[in-house]
Amino acid sequence: MVQPRAVVLQGPGSNCDREAALGWELAGAQGVLLPLNTLIEQPQRLAEYQILTIPGGFTYGDDLGAGKLLAVDLICRLGDALQSFRMRGGLIIGICNGFQILVKAGMLHTDATLYANDSGRFECRWVELSMANRGKCLWVSETPQRILLPVAHGEGKFVPRDATVLRQLQQQDQVVLSYAASAYPANPNGSVADIAGICDSTGQVFGLMPHPERHLWPWHHPAWTRQASGVEAFRRREQGDGLTIFKSAVKACQ
Amino acid sequence: MFRIEIRLKDDMFDSRGQAVLAKIADLDLEGLTSSEAITSVRASELYFLDGALTGAQVRQIAETLLCDAVVQTYHIDELRGAGPPPPKAHYPGAGAIEVGLHPGVTDSVAASLGHGMQRLGLQPQAEYPQPSAAARQPVEIRTAQRYLFTGVVSAATLHRIARELLVNDVIQSYSLAAWMPHFGPLPAWRGPLVYVPLAGVTDEALLQISRDRRLALDLAEMQAIQHYFRASGREPSDVELETLAQTWSEHCSHKTFKAIVEYTEQRAGQIVAQQTIPGLLATFIRRVTEEIAAPWVKSAFIDNAGIIAFDERHELSFKVETHNHPSALEPFGGANTGVGGVLRDVIAVSARPIAATDVLCFAPATWPAADVPLGVLHPRRVAAGVVAGIQDYGNKFGVPTVSGAIYYDAGYLANPLVYCGAVGIAPNGSHPRAPQSGDAIVVLGGRTGRDGIGGATFSSLELTHETNEIAATAVQIGNPITEKKCLEAILQARDARLYTAITDCGAGGLSSAVGEMGAELGAQVYLDRVLLKYAGLAPWEIWLSEAQERMVLAVSLGNVPALLEICRIQDVEATVIGEFTATHRLVLYYGTILVGDLEMDFLHHGCPRRTLQAIWDRPAGDAYAAPPVVGDLGQALLDLLCQPSTASKEDVIRRYDHEVQGGTILKPLVGVGQDAPGDAPVIRPLDVPAGAWQGFALGCGFNPRYGLIDPWAMAHSALDEAVRNVVAVGADPDRIAVLDNFCWGDPNRPDRLGGLVRAAQGCYEAALLHRTPFISGKDSLNNEYLGADGARHPIPPSLLISALGLLPDVRRAVTMDFKAPGNLVYQLGLTRYELGGSIYYQQHGLLGERVPQPQDYSPALMRRLHQAMRQGLVQACHDCSEGGLAVAAAEMVLGGAIGLDLHLNRAPADDAARQDAAALLFAESNARFLVEVRPADAPAFEAIMAAGDETLPVGAVFNRTLNPVTPVIPFAQVGTTKVLPTLTAYGSAQRPLLELTQAALRHAWQGRSDHGAA
């Protein structure tokens, strides 16, 4: 079986790129880091890969809103290359800042955005997530119904333009992950309908605020030292919950 | 000029405005009369664009770059002439405050907007310093914030809100009407060069020159400069004089730690000992590293950061810096650039930063506003700004901020402390240190502006009520994204072996960086080739500027094109500004004008060595302070848990990204609910190859109240605590390196210096005892505030010891939360009657005299504990520090949601402590842990503790006898865990001394979390 090739885009201010590449390696793909400017100069190189990862970070400092300027780069400089990448079945994931970029570039849904957390501040904490997808999203086939991942962001509140857009997302099976409860801090940012991640209408493009690349091993779990305590919630796992997302994509490529 | 306002739609929750409203409520505005009531605050962004743009283009900018149409709306006003904009009828309110930056202050949002406009073809690439004739003038961009108030509010109240909450006049200005930016290009420097006549000047006049120019040089130093130029037959240029002042500053050259010290020890006024110390650094700190001679120390006190061996392929570097003076004046910018600076220290040893630490000292958040001296910011504002500054830099750069502490004491009112640390990783031996004659001098990263000029000399002066008026240019604002891009470019250049030496631009700017790199060679620099943020800088300003995010590399000419190509791809600016030479001179040109020419030897060795007087007056008594009367020990414990310094810092910790880079194996907060205080975070760097599990832990020890009693004991305790922290989570005691960071008062005052000598002695002894080499350190002196009333306020003696300990396998790491009921709990180490300096005494308004003393068995105890951990015998482990055994036990209960029956009569203790349950519970004696062990593992655990197999090298004999072989380690089983999540402590009687539920403990620990950063 051919090993899928996954490219991890390094924009100015990306900072979760190396751990994302590790996720690909552990999932059985080849993870390659590529600077944005290199891709802008040679957009045809996107054709060498089956998977594009836009990792977390603070591209351009999030100066004009989280992910905004890199979204402009994608639209202005890589629009055609991305279009053909998607046409031939390429998979795209945006994690945290990557999710913000995909949303602001209109690559998931044109009538939704991610905005400042209701708490008014950046927060780093682990959250429980429920699988909300009924089968459209290609990124979660291996992912269990309940998973634990960390979030770390200041602008992660998912806001659809209106109730119609929300209904549309739900009906078309574009909601992928939701926070397991609505009250803060279980829903850490005030996202509408507790939405933590969505996919595009094809299921190929997936964006989420939590960080799957930060839960690759059991030893990433925030209470792994309690694994011998006998409590079910802390039972030793074979792999980190986040790795299942990388594995789902690898499976979809094979 | 166009003004664009971006505003949140009315039905969107405005968290930023809400935060301002909450702070207004917090302010308790006396001026907010009964007729006033602010009902809401809405925040919006203002962008000012000046240049060749059409209305349609501005609309395109607003719609494509600025406005998120799902949640925001925008308005554009075209402003003609210099008048204020038309009234904003579209946004009615009771009043508004508009806040913008002073000209020349770094505005990264404006720079990013410029980038976005370039992508749209609406902004040319800026060309500096000399735009070509054909170049289109770039559109000038400024940004501001607008706060719109609804309800009823007077102008006087708005002014107060602006001054006390929204504006720091060091970097910002505001208007209640319409804030207007200053546009217009500045003229380039045309000269003439200023010379400062020194020949034939009197001593008094020399000192006057030093004061007027804020050189922070004393008479002997000014005379040395006078003699040098007299011998050269000319006068110094301002460039030369400023260069010498920066290079010879306390900040850059550590004059105090290198000075000869005449030390006198007194007891009750009688001299008991006298000693001449040929330099504190050489005599105590460096010496202990040389005596320990650990083969795994790769670099100590040579580079920008200390370096130790890690796994087979990698080395770790570690550095802690302080950024106290800047943080006092502009808390956000000061702390922000403190983080940026220490990350650069790690980059300057060719390493990737992989962890950040911060230890902060503030006055209590509840300090009465009326008692804050003139020119000093309220501690709540300082704390909020500092935390936000650390958050901004660390999170955006992408380094996990994993370790730290916040310490509250009234002594830090005018001089808050901000310690910023960073750990880096690099492949073995990849840091080159040999610039060659002929190598190009390349400046890489941010542009140079007027920001941060004179920071090194500024930090060597004491703060006064006037400082914030004269120090505006000493404050810098960071841009973490620029630094992150620099890092990626430098690591690529490192791996391609493109440079022969590297350093960062920190204090003193290019003058220090180039001066140090070329110290053994010589250098020739063309200051007009340095890329500027804006025109108009004089040569000395370019040379001295402490603009952030700049690195200096020595690159052989053949490698320059390859380096520039890497920089182009990584979006980093890089320029050749000169070359290293074999002349042993530092020669500076601006165009064809020679602006400086100094001998390297004079620059680096011409500063006269100081001789300083130091007196340590040992307190006369050694009596037991009278134990305070307590009604209820349980209430005492709850009171300690909610003391600001002890209480949960979760609100702050969660603002820092402590998971980025995917290596955080033990988080700062641990336990069932991930809200209990871990002893130390553990990180397994991404660079460790698959299947290997080496990692490291970070700890810190800090006890200024001990220092008020005896700085020697403070040093011992701080080191013991830092080592305890990392050993408690599984670090190998034989692989721990430490750093020293002294923050002290004015070293020219013999009592302050006497304490510093004691602390340095303590550092030497403690490091030798534990066999933990110092690999780096830094001192920040002159932390005194001279009030308008003439009174001097030094900070408490503040020594931070930071520990970096290696774990052979992070999967064996141990957390502090109790794991299961029915397990045995041991106290390791002896409780002594040592309540002096404790938080228990502080709670009762006492300081005391019996400060915790060093324990000779501590190194053996740590090694045996580690042996037990490696065999998997330890379920939970917590070190006993502030609040003693009781606070440690309480935290283990609240972390594990599992109870403890604690029997104090079994606790290893000296006779005096045994008489007083308060001492058994709250004394802060060193070298103690609480450890949870399964009953089945108890025999093996006890056997190791009774007779370990550690081999301790024979230590030096201090004032006391040190037993180096197999000391007896006091330990005993003191309790049992239980299902009921309650901490129950028994004395000798049947009835418990205290009984507290986990809920009560948690409520106390979290309920009044008083960090001031809301």
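Since the structure is predicted, the reported quantities are computational estimates derived from the model, not experimental observations. Chain A is the first sequence line, chain B the second, and so forth, proteins listed ahead of strands; every chain is numbered from 1.
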Exercise. In this structure, which one of A:His153, A:Arg214, A:His211 forms a side chain to side chain donor-acceptor pair (under 3.5 Å) with B:Asp657?
Worked result: A:Arg214
Exercise. Do A:Thr225 and B:Leu666 come close enough that some side-chain heavy atom pair is under 4.5 Å?
Worked result: yes
Exercise. Based on non-hydrogen pairs under 4.5 Å, which of A:His215, A:Glu123, A:Arg77, A:Lys104 is most in contact with chain B?
Worked result: A:Arg77
For this session: Any chance you could measure A:Cys124, atom SG, to B:His658, atom NE2, to the nearest 0.5 Å?
Result: 3.5 Å
Exercise. For the residue pair A:Phe122 and B:Arg655, what are the closest heavy atoms and their distance?
Worked result: CD2-O, 3.2 Å
Exercise. Does one side chain, of B:Ser15 or A:Asp118, offer a donor that lies under 3.5 Å from an acceptor on the other?
Worked result: no
Problem set entry | Heavy-atom contact with chain A under 4.5 Å, split by part of B:Ile653 | neither
Problem set entry | Residue B:Asp392 versus chain A: region with a heavy atom under 4.5 Å | neither
For this session: Report yes if some heavy atom in the side chain of A:Tyr115 is under 4.5 Å from a heavy atom in the side chain of B:Leu8; otherwise report no.
Result: yes
Seminar exercise, completed: Scored by heavy-atom pairs under 4.5 Å with chain A, the best of B:Met12, B:Glu488, B:Gln18, B:Arg352 is B:Arg352
Problem set entry | When B:Leu120, B:Val660, B:Asp571 are compared by non-hydrogen pairs under 4.5 Å with chain A, the top option | B:Val660
For this session: Can you tell which part of B:Cys486 gets under 4.5 Å to a heavy atom of chain A, answering side chain, backbone, both or neither?
Result: neither
Problem set entry | Option that, when pairs with chain B are counted at under 4.5 Å, heavy atom only, ranks first among A:Leu216, A:Leu36, A:Val159 | A:Val159
Problem set entry | Segment of B:Tyr47 engaging chain A (4.5 angstrom heavy-atom cut-off) | side chain
Exercise. Do any of residues 64-76 of chain A come closer than 4.5 Å to chain B, heavy atom to heavy atom, and if so which ones, in number order?
Worked result: A:Leu64, A:Lys68, A:Leu69, A:Val72, A:Asp73, A:Cys76
Problem set entry | A:Asn15 side chain vs B:Lys396 backbone, donor-acceptor pair below 3.5 Å | yes
Seminar exercise, completed: Of B:His115, B:Gln570, B:Gln391, B:Arg16, the largest count of non-hydrogen pairs under 4.5 angstrom with chain A goes to B:His115
For this session: Mind telling me whether A:Trp217 and B:Trp693 have parallel, tilted or perpendicular rings, with 30° and 60° as the class edges?
Result: perpendicular
Problem set entry | Contact origin within B:Val572 toward chain A - heavy atom pairs under 4.5 Å | neither
For this session: Heavy atoms only: give me the nearest B:Ile665-A:Trp224 pair and the separation to one decimal.
Result: O-NE1, 3.0 Å
Exercise. Using a cut-off of under 4.5 Å for heavy-atom pairs, which of B:Val71, B:Val670, B:Leu66, B:Leu65 has the most such pairs with chain A?
Worked result: B:Leu65
Exercise. What part of A:Ser14 gets closer than 4.5 Å to chain B, counting heavy atoms only: side chain, backbone, both or neither?
Worked result: backbone
Exercise. side-chain contact (heavy atoms from CB on, under 4.5 Å) between A:Arg121 and B:Asp651: does it pass, once the steps are laid out?
Worked result: CA-CA 10 Å; A:Arg121 58 187 184 223; B:Asp651 275 9; 4.2 Å; yes
Exercise. Within residues 18-26 of chain A, which positions have a heavy-atom distance to chain B below 4.5 Å?
Worked result: A:Arg18, A:Glu19, A:Leu22
For this session: Could you grab the distance from atom CD of A:Gln10 to atom CD1 of B:Ile569, nearest 0.5 Å is fine?
Result: 11.5 Å
Seminar exercise, completed: If one checks every heavy atom of B:Asp817 against chain A at 4.5 Å, the contacting part turns out to be both
Exercise. Do you know which of A:Ala116, A:Pro160, A:Gly61 has the most heavy-atom pairs with chain B at a distance under 4.5 angstrom?
Worked result: A:Gly61
For this session: Select one option (side chain, backbone, both, neither) describing which atoms of B:Glu45 are under 4.5 Å from chain A's heavy atoms.
Result: neither
Exercise. Does any heavy atom of chain A fall under 4.5 Å from the side chain of B:Ala111, the backbone, both, or neither of them?
Worked result: neither
Problem set entry | Which atoms of A:Pro222 approach chain B - backbone, side chain, both or neither, heavy atom under 4.5 Å | both
Exercise. Are the side chain of A:Arg226 and the backbone of B:Phe818 linked by a donor-acceptor contact shorter than 3.5 Å?
Worked result: yes
Seminar exercise, completed: From the list B:Glu659, B:Arg568, B:Gln674, B:Lys667, the residue making the most non-hydrogen contacts under 4.5 Å with chain A is B:Glu659
Exercise. Would you say the side-chain atoms of A:His220 pair up with the backbone N or O of B:Thr664, donor to acceptor, closer than 3.5 Å?
Worked result: no
For this session: For the residue pair B:Lys484 and A:Phe58, establish whether any side-chain heavy-atom pair is separated by less than 4.5 Å.
Result: no
Exercise. In terms of heavy-atom pairs under 4.5 Å, which option from A:Pro150, A:Gly56, A:Ala112, A:Gly242 contacts chain B the most?
Worked result: A:Ala112
